[in-house]
Amino acid sequence: MKKILYMVVMTAILGMTSSCDKFLDAPYDNRVEINDVEDVNLLLANAYPVRADVFTEIMTDNLHHYASTMQASNGATYLPIYRWEDEFSDAITTATPTHAYTHYYRKVYDANLALEQLEKATGSQGQKDALRAEALILRAYNYFSLVNLFSLHYNEAENATNLGVPLVLEVPKGNRNLYDRATVKEVYDQIDKDMEEGLALMKKGEAFVPRTPYRFSLASAHAFMSRLNLYKGKWDEAARYADLVVGERGVIVRKMSEDVTRKATTMETFWAQEIMSPTQHPSLLLVNQTNLFLCRPFGYRLGGFYIAHNIFYTTPSQDLRTHMFSSGGTVIDSVALVVKYANQPNNPNAAQSRYDCFTMEEVLLNRAEANLRKSSPDITKAMADIEAIRKERFTAANYRPLTTPGNPADALTAVLRERKLELLGQGYRWYDIKRLGIEVEHRMIRTDPKTATILKANDKRTAIQIPIQARVGNPLLENQLNPR
């Protein structure tokens, strides 16, 4: 756990002389010395996590496996994950549970370091409020990611006994710090506490909140609250926070017709690179990283995992989202990738890619679902949100609104169907599998049911096992593994 929960900032101390006194004055663990709010601001600008959870797409019903088109080096890592097994090779060091666990805890460390240093940093109170708000919201977001990956889904009747993840709320000072797992309830209580304080401070220091799609704003923080409450089953709150996002930004969704035009006038690899560009589409929060291909198992021709046929062949050709399906394979083994991130489809090590953390499309889908699950369901509002997305997924000539469902149950079916298609390949389906209790079948040979492994509704394997590397660093975790 030392490598995970006690990460140090390995930046050289500029201007250091050979003076013994000066050397002794340096921080004992080589952390950068932070003096003012500008230093904290730089720290937080680099404290955002990448979408280390995107690999979960291969654990869902969105994709299936083709052995004949899989690069051999991917098998030992990704086939066990595809089968929801606890042990897999760490030969691939990104886009795995091990990488996600380590990465999110690194960012927890950064948030904790920022909070600690703000106590003594110089600067105006407004600047400090904005930076403390950002650090708290970042810590909450990282713990939300961790608990949803490595624990069972939120369940008020069982949260107090279900295993969560270790809670680290300050910068570790010892040489080797060991932490027990908190319960799911304790983790969510901390997330709620951080978000409540963070939102209040962000409103106080709003004038100092960075105006960039790569940092939290009130709109993206409210989008986070909408997702948080949707996952908790707090329907009124999920809808309320979605309302706030729409009130702040308006209903601005991706115009697929413009994407299709760009695709027709450029190479597919360049087009894929630009899909998440903020100049093309104003996402609420993006993460820009330069050296990790986080959708490796399903993001290039030889990944081995491709769009499930029941999605690929049933999506109408008039739906412009099919232009994000990149066909490949042979006549016999037809495969298709979903192209949304990075230099797909031919590069397993894309040098630069942007990943979305929060989009207006997800906010509208959250609101639509919440408005149908509330004690007084509103079909009209829910379908209006769905149509706000759909009308930008067809040309004007081909767009036809869905027939208004006659009851909330049918409307919910339509909303969840749209959610699955709209968010395809973006790493969110796994959380829907968990919270909705969906059974999934994965076959090693697509046409042979005898090769199937089944994930039952509410299966204990939906809590990904604590990675071996984390248990080596923190022996306490060996006795706190997820039950099977």
Side-chain angles (χ1 to χ4, degrees), residues 1 4-7 43-44 47-54 56 97-116 132-156 158-160 162-172 177-199 201-202 216 220-232 234 237 241 285 287 357-358 427-428 430-431 434-435 462-467 470 473-474 476-477 480 482:
M1 203 66 170
I4 299 172
L5 297 178
Y6 187 61
M7 306 303 299
L43 171 63
L44 285 175
Y48 280 76
V50 299
R51 283 293 311 284
D53 57 343
V54 173
T56 59
T98 302
H99 170 253
Y101 192 93
T102 304
H103 180 74
Y104 286 124
Y105 270 114
R106 283 193 184 117
K107 300 308 177 180
V108 167
Y109 174 90
D110 288 341
N112 285 338
L113 180 59
L115 291 168
E116 178 186 89
R132 180 171 175 80
E134 187 176 15
L136 288 167
I137 293 170
L138 271 172
R139 185 168 71 181
Y141 177 64
N142 282 292
Y143 274 123
F144 180 76
S145 300
L146 284 162
V147 76
N148 276 283
L149 286 171
F150 298 103
S151 302
L152 293 171
H153 182 64
Y154 184 96
N155 181 334
E156 287 191 349
E158 300 175 357
N159 286 343
N162 283 344
L163 288 167
V165 294
L167 275 176
V168 185
L169 303 177
E170 59 184 17
V171 177
N177 297 83
L178 305 181
Y179 298 90
D180 287 305
R181 293 178 71 175
T183 64
V184 171
K185 181 180 186 305
E186 289 168 333
V187 177
Y188 269 96
D189 284 349
Q190 186 62 47
I191 292 169
D192 290 341
K193 181 175 182 293
D194 283 351
M195 288 304 298
E196 181 179 3
E197 183 182 352
L199 280 171
L201 287 171
M202 184 169 279
F216 266 113
S220 53
H222 288 151
F224 178 21
M225 288 296 290
S226 178
R227 183 191 297 174
L228 172 62
N229 282 286
L230 187 82
Y231 285 18
K232 291 167 70 174
K234 308 294 185 183
E237 289 297 283
Y241 280 107
L285 183 65
V287 174
C357 298
F358 298 98
Y428 301 116
W430 177 242
Y431 306 118
K434 293 179 70 167
R435 70 186 182 86
T462 58
I464 298 173
Q465 193 57 271
I466 301 297
N474 182 6
L476 295 178
L477 298 177
Q480 301 171 20
N482 290 322

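- In terms of modelled atom types and a separation under 3.5 Å, the side chain of D194 and the main chain of R139 share no donor-acceptor contact.
- Within the 4.5 Å cutoff, no side-chain heavy atoms of K434 are placed close to those of Y154.
- With rounding to the nearest 0.5 angstrom, the CD atom of E116 is 8.0 Å from the CD atom of E170.
- In plain terms, the two heavy atoms of A52 and A100 that are nearest each other are O-CB, 3.5 Å.
- Below 30°, between 30° and 60°, or above 60°: for Y231 and Y431 the angle between ring planes is between 30° and 60°, a tilted geometry.
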CA sep, side-chain torsions, deciding dist, call: K107, L138, side-chain contact (heavy atoms from CB on, under 4.5 Å): CA-CA 8 Å; K107 300 308 177 180; L138 271 172; over 6 Å; no
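- The main-chain N or O of L149 is never found under 3.5 Å from a side-chain atom of D53 such that the two would form a donor-acceptor pair.
- A donor-acceptor pair under 3.5 Å links the side-chain atoms of R181 to the main chain of G164, judged by distance alone.
- No side-chain heavy atom of P166 sits under 4.5 Å from any side-chain heavy atom of L178.
- Note that the NZ atom of K193 and the CG atom of L169 stand 8.0 Å from one another [nearest 0.5 Å].
- In this structure, CD on E197 lies 5.0 Å from CG on L136, to the nearest 0.5 angstrom.
- The shortest side-chain heavy-atom distance between R435 and L230 falls under the 4.5 Å cut-off.
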Test side-chain contact (heavy atoms from CB on, under 4.5 Å) on K232 and D192 and set out the steps. CA-CA 11 Å; K232 291 167 70 174; D192 290 341; 2.9 Å; yes
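- Closest approach of V165 to L146, counting heavy atoms only: CG1-O, 3.9 Å.
- The heavy-atom pair separating V168 from N112 by the smallest distance is O-ND2, 2.9 Å.
- Between the side chain of T462 and the backbone N or O of L152 there is no donor-acceptor pair closer than 3.5 Å.
- Closest approach of A463 and S151 over heavy atoms only: CB-C, 3.4 Å.
- Residues D110 and R106 are not paired through a salt bridge, judged by the lack of any N-O separation under 4.0 Å between the basic side chain and the carboxylate.
- The minimum heavy-atom distance linking A470 with L477 is given by the pair O-CD1, 3.9 Å.
- With rounding to the nearest 0.5 Å, the separation of CD1 in I137 from CE in M202 is 4.0 Å.
- Checked by atom type and distance alone, the side chain of Q465 pairs as donor or acceptor with a backbone atom of N482 at under 3.5 Å.
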Chi angles and distances behind the ring-ring contact (aromatic ring centres under 6.0 Å, His included) call for Y101, Y105: CA-CA 6 Å; Y101 192 93; Y105 270 114; 5.0 Å; yes
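- Between W430 and N148 the shortest side-chain heavy-atom distance does not fall below 4.5 Å.
- For H103 (side chain) and V50 (main-chain N/O), a donor-acceptor pair under 3.5 Å exists by modelled atom type.
- Atom CD1 of I191 sits about 12.0 Å away from atom CD of E186, to the nearest 0.5 Å.
- Between Y179 and L476, the closest side-chain pair of non-hydrogen atoms is not below 4.5 Å.
- Looking at every heavy atom in both residues, V187 comes nearest to A182 through CG2-CB, 4.0 Å.
- Counting heavy atoms from C-beta on, the side chains of N155 and V184 never come closer than 4.5 Å.
- Using cut-offs of 30° and 60° on the angle between ring planes, the pair Y188 and F144 is perpendicular.
- Between the side chain of Y241 and the main chain of R227, no donor-acceptor pair closer than 3.5 Å is present.
- Taking CD of E156 as the reference point, atom NZ of K185 lies at 9.5 Å (rounded to 0.5 Å).
- Residues F224 and C357 fail the side-chain proximity criterion, which asks for heavy atoms closer than 4.5 Å.
- Relative orientation of the F358 and Y141 rings is tilted, given thresholds of 30° and 60° on the angle between their planes.
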